[in-house]
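One structure is given below, encoded as structure tokens.
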2 protein chains.
Amino acid sequence: MTTKTQKAAATLPLNTILDGNCIEMMLSLPENSVDLIFADPPYNLQLKGELHRPDNSKVDAVDDAWDQFGSFAHYDRFTRDWLAAARRILKPDGAIWVIGSYHNVFRLGAELQNQGFWILNDVVWRKSNPMPNFRGKRLTNAHETLIWASKGEGAKYTFNYEALKALNEGVQMRSDWVLPICTGHERLKDANGDKAHPTQKPESLLHRVLLGTTNPGDVVLDPFFGTGTTGAVAKMLGREFIGIEREAAYREVAEKRIARVRKFDKNALEVTASKRAEPRVPFGQLVERGMLRPGEVLTSPRGQAAKVRADGTLIADDIKGSIHQVGAALEGAPSCNGWTYWNFRKEGKMISIDVLRQQIRSEMN
Amino acid sequence: MTTKTQKAAATLPLNTILDGNCIEMMLSLPENSVDLIFADPPYNLQLKGELHRPDNSKVDAVDDAWDQFGSFAHYDRFTRDWLAAARRILKPDGAIWVIGSYHNVFRLGAELQNQGFWILNDVVWRKSNPMPNFRGKRLTNAHETLIWASKGEGAKYTFNYEALKALNEGVQMRSDWVLPICTGHERLKDANGDKAHPTQKPESLLHRVLLGTTNPGDVVLDPFFGTGTTGAVAKMLGREFIGIEREAAYREVAEKRIARVRKFDKNALEVTASKRAEPRVPFGQLVERGMLRPGEVLTSPRGQAAKVRADGTLIADDIKGSIHQVGAALEGAPSCNGWTYWNFRKEGKMISIDVLRQQIRSEMN
DNA sequence: TACGTTCATGAATCCATCT
DNA sequence: GAGATGGATTCATGAACGT
């Protein structure tokens, strides 16, 4: 399995922009080979007057061009096909992000679910500077919606909880993100000084997505690459990217843009790690190493005593078991972290046994 | 036409709660007869095991029978049927609101479009006090989504632009609404003191919906009436309501609640909505937005250097943490305001990072 | 009475690894 | 693969309680 994946990765066209139709190009890539897909698909629905297919070809006016249901069916077919192609190349523990507005996001979300993707969160990008509703006939459309999904129920996925929490000043990151739209120098211009792409996404949005749900070295694919925001941020953050874009003008702008990008320092990319990532230390090791002696008494926060046994289990009255099991039993709780629950006595002071675990861990480095 | 509508309205069971299945009850009402439908259907949450908080207390989940559906196919059929029944009784110039979470809202939105409803806005209810994500495995699910739709493309609908603008301190109302969840006195309790309904919506939410998209005297129907928030707010605002609810316990609570409501307590509501404190800006946002680059060096008043990391933490020698933590550590102080402590270099000059925070704050207004 | 502390709780698709 | 075990994990708010 590892060999197969590695082989696939070796043949991936990393850090390039593929020229062509995204469905065909994805079909040409090896299955189970990319870690993350970020997709900002077109949603040219409900544009009265001219009705275009997602591939920009014009819909034949004879077959009820202005019939809504006809256009939805068409859009749904397109969505089904590109999502299926994306699903094939996604690793089993990979994830996908899609972004849309109310015109298309309900079709996207429903089709994701139909194909077995498992929605992890929907995220609202709350625009701090949206375009107002000029005619005063509706609410200011001030947000877009992203959907984050794993490949299926129970599948693993990458989530850098602590990094996002750090990014949010120490409180866990919420599903609503306030970020400005892409303007100023960041907004790419064409030769005429007009905006190079109508819906260029801000780099801040991709920064949060990639920092939170990929690791350095991961492969990120964007099938609707446009002017390459995904590629630019991936490069900054030390991730590999693959872009697919059928418009030569966009590819050209994206190439130049990404060439200018500098990767961040290596130690700037190190991110606040989760405790879960730290090596596991069996409690028995404290006994083996003589940090705690068999027979020694540990004390709970409420003063209950338990005696350490030679095999690294505890006994408190008639309750025997691991540090976690005995703690849970004493508290009548479904579970208990014995490391932070129990204390030992040293020179008259009570010290958490977690201090001893830290000591072992620091020796391991 | 007018005569027919008036006749229909005359036979409507105004300001009552109908007992029964919402589809059957809606089929028994005259077509084209109600002005607005507000629907909060079951979300089909698909919860599996139990969930405990870090303090080991158990989360009281929504496990009611009415939220159980065998599959997406079942849920879709249910959605199609009740939406079709709702569509029949809605006036041609009426509108519908539905509310959901990522579990069901994509199915809802897609089916609305399939039936020819015309989406006017999707609205995000950003909860100011959501339940956190206890296991740190996803983003805090801090919002729900509402969809506002007219009966079809080109149909007229009611929108009280100026009223909502006034409610929003003179600026156009946006598609994201920050409102607290329903707690405190407003939260209805049963005889045991437990919550009477697991998903009671806040009156502030309905206040905004009804004020913005109905006129006094309009008929508002809620096919999933629950404990009657829609009815209570409709009565306050001088609108007529029709509720449908099949659970006797909910109907009973709703009846009593609405009987207590007095019409027109004009300024009683919405007080919670607008807190105008200075918004908190996470330092990480400066990094995401490219105002500071990962790897860039910040300088303390005494000339000590710290490097910015991609997740918005700092590293100075072996001290890692937030701008406040690292500042405090360097000073040997219990706390430190990192915003006024750290400086960055621009064109040879040292500038406080607080200048960047001010910049973000001014964009937010 | 005022104020500080503790406690309860809210639409939740909430674990990873080894045996 | 199923079952057992280790052990990581929370924010805002209102009510209750104590000084």
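Throughout, protein chains are lettered first and strands after them, A, B, ... in sequence-line order, and every chain is numbered starting at 1.
Residue-level contact check: Asp40(B) touches the bases, meaning some heavy atom is under 4.0 Å from a base atom. Counting any heavy atom pair closer than 4.0 Å across all strands shown, Thr199(B) reaches a base atom. Within the 4.0 angstrom heavy-atom criterion, base atoms lie near Ile119(A). Contact annotation for Thr140(B): no contact, since no heavy-atom pair falls under 4.0 Å across all strands. Using a 4.0 Å heavy-atom distance criterion, Gly49(B) is classed as a base contact. Cys182(B) comes within 4.0 angstrom of nothing in the nucleic acid, heavy atoms only. Among the atoms of the strands shown, none is found under 4.0 Å from any heavy atom of Phe283(A). Nucleic acid contact class of Lys58(B) (heavy atoms, under 4.0 Å, all strands): none. At the heavy-atom level, Pro282(A) lies nowhere under 4.0 Å from the strands shown.
Closest to the Arg357(A) side chain, of the nucleotides dA8(D), dC14(C), dT13(C), is dA8(D). Listed candidates were dC11(D), dT13(C), dT9(C). Nearest to the side chain of Phe134(B) is dC11(D). Minimum atom distance to the side chain of Thr183(B) is reached by dG14(D), of the listed dA12(C), dG14(D), dT10(D). The side chain of Arg138(B) sits closest to dC14(C) out of dT13(D), dT9(D), dC14(C). Listed candidates were dA11(C), dT13(C), dA12(C). Nearest to the side chain of Gln113(A) is dT13(C). Taking the side chain of Lys195(B) as heavy atoms from C-beta on, and the options dG10(C), dT9(D), dC14(C), the nearest nucleotide is dG10(C). The nucleotide whose nearest atom lies closest to any side-chain atom of Arg280(A) is, among dT17(C), dT10(D), dT9(C), dT17(C).
Ring geometry, Trp97(A) versus Trp177(A): the interplanar angle falls from 30° to 60°, so the pair is classed tilted. Between Tyr157(A) and Trp148(A), the ring-plane angle classifies as perpendicular under the 30° and 60° cut-offs.
Base orientation of dT13(C): syn, the glycosidic angle falling within 90° of 0.
Phosphate proximity of dA8(D) to Asn337(A): present, with a side-chain N or O under 4.0 Å from OP1 or OP2. In terms of phosphate contacts, Lys127(B) brings no side-chain nitrogen or oxygen within less than 4.0 Å of OP1 or OP2 of dA12(D). An OP1 or OP2 oxygen of dG6(D) is reached within less than 4.0 angstrom by a side-chain nitrogen or oxygen of Ser322(A). Here Arg187(B) does not reach the OP1 or OP2 of dA15(D): none of its side-chain N or O atoms lies under 4.0 Å away. At dT10(D), one or more side-chain N or O atoms of Tyr161(A) fall inside 4.0 Å of OP1 or OP2 (strictly under the cut-off). For dT13(C), the OP1/OP2 oxygens have a side-chain nitrogen or oxygen of Asn141(B) closer than 4.0 Å. The phosphate of dG7(D) has OP1 or OP2 within less than 4.0 Å of a side-chain N or O from His324(A). OP1 or OP2 of dA16(C) sits under 4.0 Å from a side-chain N or O of Lys137(B). Of the side-chain N and O atoms in His185(B), one or more sit less than 4.0 angstrom from OP1 or OP2 of dA15(D).
Atom CZ in Arg174(A) sits roughly 9 Å away from atom C1' in dC11(D) (whole-Å rounding). Distance NE2 (His103(B)) to P (dT13(C)): 4 Å, rounded to an integer number of Å. Computed from coordinates, the Arg53(B) CZ to dG7(D) P distance equals 25 Å when rounded to whole Å. Atom CD1 of Ile181(B) and atom C1' of dT13(D) are 9 Å apart (whole Å). To the nearest angstrom, C1' of dT9(D) lies 6 Å from CZ of Arg276(A). Taking atom OH of Tyr43(B) as the reference point, atom P of dG10(C) lies 16 Å away to the nearest angstrom. Straight-line distance from the CD atom of Gln172(A) to the C1' atom of dT9(D): 9 Å, rounded to whole Å. For Met173(A) and dC14(C), the CE to C1' distance is 18 Å, given to the nearest whole Å.
Across dC14(C) and dG10(C), the matching C1' atoms stand 15 Å from one another, rounded to whole Å. Using atom P as the reference point in both dA8(D) and dA12(C), the two lie 26 Å apart (nearest Å).
The existence of a salt bridge linking Asp40(B) and Lys201(B) is confirmed by a sub-4.0 Å separation between a basic side-chain nitrogen and an acidic carboxylate oxygen. Salt-bridge check for Glu144(B) with Arg126(B): failed, with every basic side-chain N at 4.0 Å or more from each acidic carboxylate O. Remark: Asp176(A) engages Arg174(A) in a salt bridge, criterion side-chain N to carboxylate O under 4.0 Å.
Looking at which nucleotide of DNA chain C each of Pro198(B) and Lys156(A) is closest to, the 5′-most match is held by Pro198(B).
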**Q.** Chi angles and distances behind the ring-ring contact (aromatic ring centres under 6.0 Å, His included) call for Phe225(B), Tyr250(B)
**A.** CA-CA 8 Å; Phe225(B) 202 59; Tyr250(B) 298 157; over 10 Å; no
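Exactly one of Leu146(A), Ile147(A), Val105(A), Thr145(A) qualifies for a side-chain contact (heavy atoms from CB on, under 4.5 Å) with Val98(A). That residue is Ile147(A).
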